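Data block below; observations after.
The residues of the chain are indexed from 1 along the displayed sequence. Remember, predicted model here, so these are calculated numbers, not experimental data.
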Amino acid sequence: MGGVVVQEKADAAMPITTLSPPEGNTTFLDGLTWCVAHAGVSQIDLQNALDWACGLGMADCKPIQEGGPCYEPDNLVSHASYAFNNYYQQNGNSDIACNFGGTAVLTKHNPSYGKCNYAGPGSVSSTSAPSLFILKNSQSFVWWKIAGTLLLLLYFGR
């Protein structure tokens with residue numbers, strides 16, 4: 001006589017949807033990482049990404065302004081690298097924080113030179129005014145930052 005076998009799961013779990021990191025980015029588990037501009041990309045795309053990082057992305061771009069310790073060499077790749085890394089370090093070294101529409105890559109090589117020091121993990125702190133500090137840590141600001149990042153990815157993903 002054939003019987004019906006009923007299997008029950010010991011514990012059922014709801015599936016969790018997660019976003020996978022953008023293609024081309026890798027997390028290095030065995031050391032420090034920095035985010036730098038990809039030298040072979042379109043200058044227009046690189047400039048747009050730099051503008052976003054120093055604007056809506058709120059990276060600290062003072063060191064790459066004229067007279068700053070990272071102004072020289074005065075070129076787009078160098079300035080974008082500094083800004084991208086500052087944004088990346090401020091945002092927890094996540095792969096998504098080093099995409100910039102495909103204009104950035106992760107490296108294990110510290111890009112610091114002379115008096116220009118690129119931040120490493122945990123070395124970026126808020127130097128903003130108190131009102132901006134409160135805004136940066138509010139939940140609504142986090143959502144705006146996520147929305148801005150997604151818009152950037154959509155813009156450069158065309």
Side-chain angles (χ1 to χ4, degrees), residues 19-158:
L19 296 173
S20 60
E23 286 184 36
N25 287 337
T26 308
T27 300
F28 299 106
L29 299 176
D30 60 342
L32 303 176
T33 56
W34 292 266
C35 179
V36 296
H38 192 292
V41 300
S42 151
Q43 295 288 296
I44 293 169
D45 290 344
L46 197 56
Q47 183 66 58
N48 287 335
L50 173 60
D51 292 344
W52 184 89
C54 292
L56 290 175
M58 299 182 73
D60 178 10
C61 294
K62 288 179 193 136
I64 57 174
Q65 293 174 356
E66 192 167 356
C70 301
Y71 179 73
E72 295 292 340
D74 181 15
N75 66 59
L76 187 55
V77 171
S78 178
H79 289 183
S81 291
Y82 184 88
F84 292 175
N85 185 66
N86 186 271
Y87 177 85
Y88 171 70
Q89 301 301 339
Q90 283 183 23
N91 289 279
N93 309 82
S94 68
D95 289 344
I96 192 83
C98 184
N99 184 292
F100 296 96
T103 63
V105 295
L106 291 175
T107 181
K108 292 174 79 174
H109 173 74
N110 185 343
S112 298
Y113 58 93
K115 293 182 180 179
C116 181
N117 294 311
Y118 279 59
S123 65
V124 175
S125 62
S126 176
T127 57
S128 307
S131 60
L132 186 56
F133 179 76
I134 292 167
L135 175 64
K136 284 182 81 170
N137 290 309
S138 71
Q139 189 173 17
S140 63
F141 181 78
V142 171
W143 285 110
W144 277 110
K145 203 163 198 177
I146 290 170
T149 302
L150 291 174
L151 286 172
L152 181 68
L153 290 172
L154 289 172
Y155 176 78
F156 286 111
R158 290 193 252 160

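The only option from V77, T103, I64 that meets the side chain to side chain contact (heavy atoms under 4.5 Å, CB included) definition with L50 turns out to be I64. Among the candidates V36, L46, N99, the single residue satisfying the side chain to side chain contact (heavy atoms under 4.5 Å, CB included) test with F84 is L46.
Residue A83 comes nearest to C61 through the heavy atom pair CB-SG, 3.8 Å, listed as atom of the first residue, atom of the second, then distance. In this structure, H79 and Y71 approach most closely via the heavy-atom pair NE2-O, 2.8 Å. Counting all heavy atoms, side chain and backbone alike, W34 lies closest to P111 at CG-CD, 3.5 Å. Scanning all heavy atoms of the two residues, the minimum distance from C70 to Y113 falls at O-OH, 3.5 Å. Contact detail for Q89 and G120: the closest heavy-atom pair is OE1-C, 3.2 Å.
Checking side-chain atoms of D60 against main-chain N and O of K62 turns up a donor-acceptor pair under 3.5 Å. Between the side chain of N85 and the backbone N or O of Y118, no donor-acceptor pair lies under 3.5 Å. The backbone N or O of N75 sits nowhere less than 3.5 Å from a side-chain atom of S78 that would complete a donor-acceptor pair.
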Y88 and N91: side-chain hydrogen bond (donor to acceptor under 3.5 Å, both in side chains), yes or no, with the steps? CA-CA 5 Å; Y88 171 70; N91 289 279; over 6 Å; no
Intermediate values then yes/no, side chain to side chain contact (heavy atoms under 4.5 Å, CB included), L106 and D95: CA-CA 8 Å; L106 291 175; D95 289 344; 3.7 Å; yes
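The CG atom of N110 sits 8.0 Å away from atom CG of L32, with the distance rounded to the nearest 0.5 Å.
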Atom pairs and distances, side-chain donor-acceptor, residues 37-44, under 3.5 Å, sequence neighbours left out:
residue	atom	partner	partner atom	Å
H38	ND1	G40	N	3.1
S42	OG	I44	N	3.2
S42	OG	D45	N	3.2

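Ring planes of Y87 and W52: perpendicular class, angle over 60° (limits at 30 and 60°).
For Q47, the side-chain hydrogen bond (donor to acceptor under 3.5 Å, both in side chains) partners at least two apart in sequence or on another chain are D51. Under the rule for a side-chain hydrogen bond (donor to acceptor under 3.5 Å, both in side chains), Y82 has no partner lying at least two apart in sequence or in another chain.
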